[in-house]
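Below: the structure, in structure tokens.
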2 protein chains.
Amino acid sequence: MDNNSKKTVSIKDVAKRAGVSIASVSRVVNDNPKHVSKKTRALVQQAISELNYSPNRIGRALRAQTSDSLALIISNIQNSFYAAVAWELESKLNETGTAMLLFNSNEDPQLQDRFLEEIKSRRVGGIFMLCAVESEGLRETVKSFPTIFLNRPIPSIPDVSYIGIDDYAAARELATSMLANGQGRLAILHGPRSSETSSRRLKGVLDTCNDRGYQISEDDLFEAELSMESGYQGASELLGERNYKAVFCGNDQIAYGVFRRCRELGLAVPGDIRIYGFDDNPLNEWLAPWLNTVRVPHVAYAENAVQQMKKLTRGGDTRQLILPYDLVIRA
Amino acid sequence: MDNNSKKTVSIKDVAKRAGVSIASVSRVVNDNPKHVSKKTRALVQQAISELNYSPNRIGRALRAQTSDSLALIISNIQNSFYAAVAWELESKLNETGTAMLLFNSNEDPQLQDRFLEEIKSRRVGGIFMLCAVESEGLRETVKSFPTIFLNRPIPSIPDVSYIGIDDYAAARELATSMLANGQGRLAILHGPRSSETSSRRLKGVLDTCNDRGYQISEDDLFEAELSMESGYQGASELLGERNYKAVFCGNDQIAYGVFRRCRELGLAVPGDIRIYGFDDNPLNEWLAPWLNTVRVPHVAYAENAVQQMKKLTRGGDTRQLILPYDLVIRA
DNA sequence: TGTCAAACTGTAAACGTTTACGGAATTGAT
DNA sequence: ATCAATTCCGTAAACGTTTACAGTTTGACA
């Protein structure tokens, strides 16, 4: 049809083609309810479709001082539970025409701060922090920028929007189920104490053991990173000589690592040893029928997160949201 | 220190503070090598750090007619191999200060086209298509926009940058290993014929079987979607009465579904039945020691993709890249 | 000291929008 | 036909940059 499809077409081109001013075109595009006659509207729409015009978001963003996109910073790109949350967020956001910028902080405060700067300079509408790490830039950011913390709060940064579960209670429940399941020595591969989520989970387990009169010695503890490799390493150190009947892991990733080590040691799961994790990555249902864990509601995370973000950007108040979890006992 | 941290600080503020023109500030910021004296440079840098200025990317993007961000459209957000590719891309891109927009087309041409429009209107620098689906908008897009196809080519859209492996050859190798492993009936749960990748894999297996004199009947074939659910469903239909010794799956996701069904049927893997997949999701190493598969080099995908994208945006030529794969025989 | 080139710096335009403002056209009532 | 009240529409400014261009300073050299 049109052979001039060389340059990108702007609002000016449409205006010229329709024989009206750019203001009118803008009004039509933005459906500014009144203030534009039927005739002009028709003319403009004609021109728009003839030229195949679509508004330049950059121009818009500059004018509006905000681009309709949001950022997600993940602390660990390998963790497939986090991935699942990211995916859910993506769906929810793109349903509403909001694009999602993705960053992986790798639990590194420096990197996280760099990304925060990046993000702000892009005039993004808001930030989701999926397991934030404490950092100076973050402390500044939350003051002036819509920010939502997911799954992991930062105690030293209070009064901020947060969505999570009651990790302490969940850990207690899981531990209770674990202890009910027969007697035997217990290993604990908890996550980093610097992570509030991990600490709460650890405390839940320890308190429960205490309550039941179970003695946990220092030797049965291992502070793992939230990764499969670290779980494997921890299992290598703890398992072997000692005869553990169950191992509690700070999250599922750690549990995967433990599982691998058990396989190598010829330990049957759950025959010889039971494994308990945390998060319930959706893949478990298919690949890890041996894993007992706590199902963290990642779909609800995403739903509530975008909803809360909408409120925040409209100037709403910050809010703490504690969602329900489920115990998943598979073996 | 400064109490005026209410408004966002622009280049003008810096200029005023330093007592120079905005042009000079811009030159300093962009390290325009010469053309700015030591003294002004110092003044400006001083002002920048005092005001904590960071350039507004939107303004930049408008001026430059391109924002330093790239988009990734994934066909299926659930597929953890695709996720792994996305993660790798993210790392590589954010290393160079390029942000990544993420979209999930869900194998839906309409949605894909909507995203393509979105993306172009954001003046993104280029697009990675991780398993594209055929669509009108895509055909138009590749003509005027740096686009790289990953893992799945679209035969009707030739002469475009592509990075993948030789699926046919890989399938032949895998099938050879499968057949060498003893005699027995064979099930094939291949991916959608509409996907070129899936078709090639299927052809590779069938040709190999033919060459060895193996008869594959129509009854042993099942066209699955590239999902665990579909693999499960296919396994439900095929396995059971018939006594298969091995099953070839179009990708790992399908294999996971098959595995679950085998478990339900009480079939030992690999004792009773061997499972072959394709892609080698990194989690396999930890969770699926029973899975034989083809390792698609997702890290190399990402590396080559960003490199090729750089070339493209500098006006380089499109290029087809066929990378080496590995056979992974675990059981 | 005067001249000239080179180095530096500022002005202003441009990128594509949205929107306040005021002028023009239409409408409806008389 | 006149006037007031609406409704519509265009002009221009603003958002934050980069950069061509022209103007100014500097420094070397005669």
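So that the names make sense, note that chain A is the first sequence line, chain B the second, and so on, each numbered from 1. All values below were derived from every heavy atom in this structure, side-chain atoms included, with hydrogens, water molecules and symmetry-related copies excluded.
Of the candidate nucleotides C:dT17, C:dT19, D:dG16, C:dT17 has the atom lying nearest to any side-chain atom of A:Ser10. Minimum atom distance to the side chain of A:Gln65 is reached by D:dG16, of the listed D:dG16, C:dT9, C:dT17. Looking at the side chain of B:Val36, the nearest of the listed nucleotides D:dC15, D:dT17, C:dT9 is C:dT9. When distances are taken from the side chain of B:Leu62 to each of C:dT17, C:dG16, C:dT11, the shortest belongs to C:dG16.
Each of A:Arg57 and B:Ile22 was matched to the nucleotide of DNA chain C holding its nearest heavy atom; the match closer to the 5' end belongs to B:Ile22.
At a cut-off of 3.5 angstrom, the base of D:dG10 holds at least one donor-acceptor pair with the side chain of A:Arg27.
The local environment of CD in A:Gln320 is crowded, with over 12 non-hydrogen atoms from other residues, nucleotides or ligands closer than 6.0 Å.
Remark: B:Lys39 pairs with no residue by the salt bridge (Lys or Arg N to Asp or Glu O under 4.0 Å) rule, at least two apart or across chains.
OP1 or OP2 of D:dC9 has at least one side-chain nitrogen or oxygen of A:Ser37 nearer than 4.0 Å. For C:dT9, the OP1/OP2 oxygens have no side-chain nitrogen or oxygen of B:Lys39 closer than 4.0 Å. Applying the 4.0 Å criterion to OP1 and OP2 of D:dG10, one finds that A:Ser24 has a side-chain N or O inside that range. Of the side-chain N and O atoms in B:Thr40, one or more sit less than 4.0 angstrom from OP1 or OP2 of C:dT9.
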Give the table of side-chain donor-acceptor pairs shorter than 3.5 Å for residues 309-317 of chain A, with sequence neighbours excluded, one pair per line with atom names and distance.
residue, atom, partner, partner atom, Å
A:Thr313, OG1, A:Met309, O, 3.1
A:Thr313, OG1, A:Lys310, O, 2.9

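Two residues are said to be in side-chain contact when any heavy atoms from C-beta on lie closer than 4.5 Å; A:Phe81 and A:Leu226 fail this criterion.
At the heavy-atom level, B:Ile58 lies nowhere under 4.0 Å from the strands shown.
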